[in-house]
**Student:** 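Quick one: the structure is below, and I'll ask about it shortly.
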Number of protein chains: 2
Amino acid sequence: MNTPISIIVVEDDPIVLHRFMTMFTSNPRFTLVAACSNATTAHSVINASHADVLLTDLGLPDGNGLDLIRQCTEQHPDTHIMVISVFGDEKHVITAIEAGATGYILKDDESMEVEQAIVQLCAGGSPISPAVASHLLKRLRPEADEIKLTKAELEILRFIAKGYTAQEAADLKHISYHTVTSHIKSIYRKLHISTRAEAVHEAVKRHLL
Amino acid sequence: MNTPISIIVVEDDPIVLHRFMTMFTSNPRFTLVAACSNATTAHSVINASHADVLLTDLGLPDGNGLDLIRQCTEQHPDTHIMVISVFGDEKHVITAIEAGATGYILKDDESMEVEQAIVQLCAGGSPISPAVASHLLKRLRPEADEIKLTKAELEILRFIAKGYTAQEAADLKHISYHTVTSHIKSIYRKLHISTRAEAVHEAVKRHLL
DNA sequence: CGGGTAATCCCCTGTTCTGGGGATTAATTG
DNA sequence: CAATTAATCCCCAGAACAGGGGATTACCCG
């Protein structure tokens, strides 16, 4: 509450940039470390200085906002990164998050207040526009591709994933070696595959493990 | 905009429930289909009727809110499910999302407006409290585990995960069969494992794939 | 009650892995 | 520059796997 939150802003649109500058210079809770309007400048600013928050656009004229995020994540792991963009599509969103952003607000999202979002960001939260968050949820709960393995098959699959041989799994489950291989063959049939590694891969993808 | 959003509310706290009832009966944009104060009633309501939105608590006196979500997801796949809970921990959050919730607001989150969130929910968005969203991000971008596989090893690993044999991978990469098996042996050494299935399993766990 | 399916068991044959051993040639890095 | 590591190549033997066949028992659902 006492020490102000220091911020670096990167935004190519002069009008929006000006809005941010006003926002962060007129409010005593914030300190504006730098305001950049292109990627090149931003790269050197991030290189030379440190801030609590990097607030950045994704579409820069002379480079990619993602690279800024990657650079910042690497050089200043403790800086919170907030994306403010017009892009709400899955590709942009996922890439930005994977690059290290922990906040993502759409420019046309009326429901989010930037100042408040930044405070939440510094408190460890992740302010995300609803339209953006839906992409993340999709990733977490990808459609159950409704191929069902039986209980026995799943158990065998778990043994396989742990590296047990068919014989070892058989011993552990006190069933015949032939039963185990038989289950494995069923798994192959159901998942349209033909190796153990592939089985584990598919099972993970389909959230069966 | 014209047709009101129909809602089923499940909430055991009478005061909060009353607040919701007022909220949805006094606003013409919403229609309150039902308001339940326990899981049992809610189960039969969901069974018998349909709504655009299920707004539910997680901590019910006579059952689990998660089961409500699961039931609703199954019986009414087109109903949007919003969780309003005091629980913001990872376990509750992830389970609820995986069960089918597409919105998750913390009860003490001042920054979210329930009415607005529900509208966004119906528009395909996912209103999520920042503190909750941070758990989701963690899932998507968990820390890179320190064991490093080389580029060549990773490539081979990807082939293995897809079910290719060493010979096939060798042909595709135009290198010797021996090189491929050699890389595989390195992978085994680094990950302390001994089968392909295990390699895929570990690689997924460590987010190398 | 009959059909479907899960779970269990068995055989056979050719292919592929696993896990030892070694070697050479770049790069990288202290 | 010396040491290390990556990336490439090679050999071998025994173990495990893939994929084909068939079989029995038991349970659930309509």
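Sequence lines set the chain letters: A, B, ... in the order given, protein chains first and strands last, and positions in each chain run from 1.
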**Student:** Could you go through A/Asp57 and A/Val86, starting from their C-alpha distance and side-chain angles, then the distance that decides it, and tell me whether this counts as side chain to side chain contact (heavy atoms under 4.5 Å, CB included)?
**Tutor:** CA-CA 8 Å; A/Asp57 195 7; A/Val86 289; 5.8 Å; no
**Student:** Check every strand shown and say whether A/Ser182 touches a base, only sugar-phosphate, or nothing at a heavy-atom separation below 4.0 Å.
**Tutor:**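 Here A/Ser182 touches the bases of the nucleic acid.
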**Student:** Expressed in angstrom and rounded to an integer, what is the separation of B/His178 atom NE2 from C/dA23 atom P?
**Tutor:**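 For the pair B/His178 NE2 and C/dA23 P, the rounded distance is 16 Å.
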**Student:** For B/Lys173 and D/dA6, what is the distance between atoms NZ and C1' respectively, to the nearest whole Å?
**Tutor:**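 Computing the B/Lys173:NZ to D/dA6:C1' distance gives 12 Å.
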**Student:** With respect to the phosphate group of C/dC9, does any side-chain polar atom (N or O) of A/Thr179 fall under 4.0 Å of OP1 or OP2?
**Tutor:**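 Answer yes for this pair, as a side-chain N or O of A/Thr179 is under 4.0 Å from OP1 or OP2.
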**Student:** Roughly, in whole Å, what's the span from NZ in B/Lys185 to P in C/dC17?
**Tutor:** 13 Å
**Student:** Would you please confirm or rule out a distance under 4.0 Å between OP1 or OP2 of C/dC10 and any side-chain N or O of A/Ser176?
**Tutor:** yes
**Student:** In whole Å, I'd like the distance from the CD atom of A/Glu153 to the P atom of C/dT5.
**Tutor:** 13 Å
**Student:** Taking A/Ala99's backbone N and O only, do any of them form a donor-acceptor pair with A/Thr73's side chain (distance below 3.5 Å, no angle check)?
**Tutor:** yes
**Student:** Does B/Arg196 have a side-chain nitrogen or oxygen under 4.0 Å from the phosphate oxygens OP1 or OP2 of C/dT16?
**Tutor:** no
**Student:** Considering only side-chain heavy atoms of B/Lys190, which listed nucleotide, D/dA6, D/dC10, D/dT8, is closest?
**Tutor:** D/dA6
**Student:** Between atom CD in B/Gln167 and atom C1' in D/dC9, what is the gap in whole Å?
**Tutor:** 13 Å
**Student:** Find the distance B/Asp171:CG to D/dT8:P and express it as a whole number of Å.
**Tutor:** 15 Å
**Student:** Please determine whether a side-chain nitrogen or oxygen atom of B/Lys151 lies at a distance below 4.0 Å from atom OP1 or OP2 of D/dT8.
**Tutor:**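 So the side-chain polar atoms of B/Lys151 never come under 4.0 Å of the phosphate oxygens OP1 or OP2 of D/dT8.
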**Student:** Counting neighbours of CD on B/Glu74 that are heavy atoms of other residues, nucleotides or ligands and sit closer than 6.0 Å, is the number greater than 12?
**Tutor:** no
**Student:** Choose from C/dA7, C/dC17, D/dC17 the nucleotide whose nearest atom is closest to any side-chain atom of A/Thr165.
**Tutor:**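 Looking only at side-chain atoms, A/Thr165 lies closest to D/dC17.
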**Student:** Quick one: pull up CD1 in B/Ile118 and CE in B/Met23 and give me the separation to the nearest 0.5 Å.
**Tutor:** 7.5 Å
**Student:** Ignoring backbone atoms, establish whether B/His183 has a side-chain N or O less than 4.0 Å from OP1 or OP2 of D/dT8.
**Tutor:** yes
**Student:** Rounded to whole Å, how long is the line connecting atom CD1 of B/Ile184 with atom C1' of C/dT18?
**Tutor:** 10 Å
**Student:** Could you check how far CD1 of B/Ile187 sits from P of D/dT5, rounded to whole Å?
**Tutor:**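 To the nearest whole Å, that distance equals 18 Å.
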**Student:** May I ask you to evaluate whether B/Tyr177 reaches the phosphate of D/dC9, defined as a side-chain N or O under 4.0 Å from OP1 or OP2?
**Tutor:** no
**Student:** Any side-chain donor-acceptor pair under 3.5 Å between A/Asp171 and A/Gln167?
**Tutor:** yes
